There are 2 protein chains.
Amino acid sequence: MKILFPLVTADIALFTVQDRNLRVLMVKRANDPELGKWALPGGILNPATDADLDETAQRVLSGKTGVDVPFLEQVATFSGATRDPRGWSLSVLYYALLPSDQVHAVAGRATDAIEWRDAFAPGSRLAFDHAALIRAALATLRDKVDRAALPLHLLPARFTLTELQQTCESILGRSLDKSVFRRRLKDEPGIEQLAGEFLYGAQRPAQLYRAADGFRF
Amino acid sequence: MKILFPLVTADIALFTVQDRNLRVLMVKRANDPELGKWALPGGILNPATDADLDETAQRVLSGKTGVDVPFLEQVATFSGATRDPRGWSLSVLYYALLPSDQVHAVAGRATDAIEWRDAFAPGSRLAFDHAALIRAALATLRDKVDRAALPLHLLPARFTLTELQQTCESILGRSLDKSVFRRRLKDEPGIEQLAGEFLYGAQRPAQLYRAADGFRF
DNA sequence: TCAATAGTGTCTCTTAGACAATATTGA
DNA sequence: TCAATATTGTCTAAGAGACACTATTGA
């Protein structure tokens with residue numbers, strides 16, 4: 001007999017950038033169904049403790065990775081009788097961004113193997129319909145960046161404009177013109193120049209910036 | 001005792017245009033909770049018959065209004081322990097568009113009073129959090145139209161460019177420049193001119209158009 | 001003819017895109 | 001000095017916005 005109530009879960013596509021490549025966090029399933037397959041981190045709603053599904057997502061992500069993200073946004077809801085062998089299921093998909101300098105803070109629980117995968121090629125044979133979920137999350141993220149939203153949550157607290165541009169390029173999958181990119185930032189209230197602070201490398205130092213106070217992606 | 005499983009519903013914001021005003025369909029609740037208050041048409045998921053939530057939405061809308069719409073799109077999912085007095089609930093919100101010449105086909109069931117409300121002022125004291133749901137659906141719709149998507153599903157099968165422009169204006173809440181509007185349509189594959197067909201009125205007849213074959217909003 | 005609406009043309013200003021030029025550092 | 005990267009400037013073309021103009025009908 002099939003269950004009478006749908007299984008309600010929150011799944012999270014947690015993105016970060018490594019070596020100029022957009023990555024997504026996958027977890028190897030330690031339980032049936034789909035045992036051993038790779039899936040997005042996700043978990044079942046607990047009505048007793050979760051005030052809403054956003055809290056479910058935060059709780060699940062925190063439990064599976066040990067990190068709390070400042071940014072968690074709904075992508076879409078996937079539902080149906082056949083997407084999970086346990087029966088009628090409904091997943092609300094979220095995406096979140098992890099600053100590249102905090103990747104080390106992500107640690108799977110002893111029981112869970114985790115892996116950062118190329119967001120554009122997360123592998124075949126993923127669990128459930130999670131390949132489609134990743135595509136949807138990616139499309140939402142790319143759409144936002146295309147619309148001039150800046151993915152500052154992927155960067156460290158202090159960053160250079162070149163780093164920001166490369167991050168955008170990683171998401172959009174195409175190169176941007178340096179001049180055009182910077183011109184658009186001129187009247188962008190979301191980022192603030194850190195006067196007098198520079199990143200020193202092998203060549204000309206680069207001006208450092210940070211996200212403005214009330215910044216919302 | 002609170003229920004252990006969340007109540008899963010699909011709610012639909014069905015829009016149409018009357019007298020150049022964007023309207024949304026409301027239903028007077030015939031049952032507890034919120035009996036007598038106005039709400040968006042919505043209904044509970046039936047896992048036994050609904051293959052997915054899109055089908056729930058279609059079924060519910062069809063049952064409450066008697067119309068099948070060609071266009072039904074997810075807006076967002078609202079959830080939480082407190083939004084419905086019956087307990088933890090989750091609503092997936094959809095929006096749909098009804099051609100203005102099919103408004104007469106909408107008929108509430110004997111038990112349900114229905115009403116078309118101004119989409120921007122649907123009234124106070126709505127049931128549950130449906131005021132917020134309407135705002136969200138409106139924002140999504142406006143956003144799409146702003147991005148050059150044409151709400152052809154709100155128009156009759158044959159329409160003039162002036163009608164199309166007025167429809168867009170109803171949604172955007174601002175007037176558009178005729179010349180700019182038409183210039184953009186020049187290379188829009190979504191609409192086709194009906195050669196030789198005109199709408200005759202009291203003044204100069206207007207060229208008729210229709211949505212192109214594979215048109216998707 | 002006029003009023004009313006349909007449809008087009010034109011000018012300006014803004015902005016995106018391409019690409020060149022300049023600036024500043026360590027080696 | 002040179003190589004490498006940061007940062008700015010300039011030219012052009014496309015598009016948006018404002019607004020005027022022409023076209024076609026019924027009354």
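Numbered from 1 within each chain, the chains take letters A, B, ... in sequence-line order. Note that the coordinates shown come from a computational prediction; the quantities given were computed from them, not determined experimentally.
In this structure, CG of A:Leu176 is placed 16 Å from C1' of C:dC19, rounded to the nearest angstrom. Atom pair A:Lys186:NZ and C:dA16:P shows a separation of 14 Å (rounding to whole Å applied). The interatomic distance linking B:Leu199 (CG) with D:dT24 (C1') rounds to 14 Å, in whole Å. A:Asp177 places its CG atom 13 Å from the C1' atom of D:dC11, with the value rounded to the nearest Å. Rounding to whole angstrom units, CD of residue B:Glu163 and P of C:dG7 are separated by 11 Å. The CD atom of B:Gln166 sits 12 Å away from the C1' atom of C:dA6 (whole-angstrom rounding). If you take CD of B:Gln165 and P of D:dA16, they are 14 Å apart, rounded to a whole angstrom. Across the protein-nucleic acid pair, A:Gln193 atom CD and D:dA6 atom C1' stand 13 Å apart, rounded to whole Å.
In summary, the side chains of B:Thr9 and B:Ser91 do present a donor paired with an acceptor at a separation below 3.5 Å, with no hydrogens or angles considered.
Between C:dA23 and A:Arg204, no contact under 4.0 Å exists linking OP1 or OP2 to a side-chain N or O. For the OP1/OP2 pair of D:dT5 and a distance below 4.0 Å, the side-chain nitrogens and oxygens of A:Lys178 include no atom meeting the criterion.
Take the nearest nucleotide of DNA chain C for A:Tyr200 and for B:Pro205: the residue whose nucleotide is more 5' is B:Pro205. A residue-by-residue look at A:Thr160 and A:Ala202 shows that A:Ala202 has its nearest nucleotide of DNA chain D further toward the 5' end.
The backbone N or O of A:Phe217 lies less than 3.5 Å from a partner atom in the side chain of A:Lys144, making a donor-acceptor pair.
For A:Arg183 against C:dA16, a side-chain N or O and a base N or O form a donor-acceptor pair under 3.5 Å.
Looking at B:Arg184 and B:Asp177, no side-chain N of the basic residue comes within less than 4.0 Å of a carboxylate O on the acidic one, giving no salt bridge. With salt bridges taken as basic N to acidic carboxylate O contacts below 4.0 Å, one links B:Arg210 and B:Glu192. Between B:Asp54 and B:Arg59 no salt bridge is recorded (no basic side-chain N to carboxylate O distance below 4.0 Å).
Set against C:dA6, D:dT25, D:dA18, the side chain of B:Arg182 has C:dA6 as its closest nucleotide. Considering only side-chain atoms of B:Gln203, the nucleotide from C:dT8, D:dT25, C:dG7 that sits closest is D:dT25. Across C:dT25, D:dG9, C:dT10, the shortest atom-to-atom separation from the side chain of A:Ser179 is found for D:dG9.
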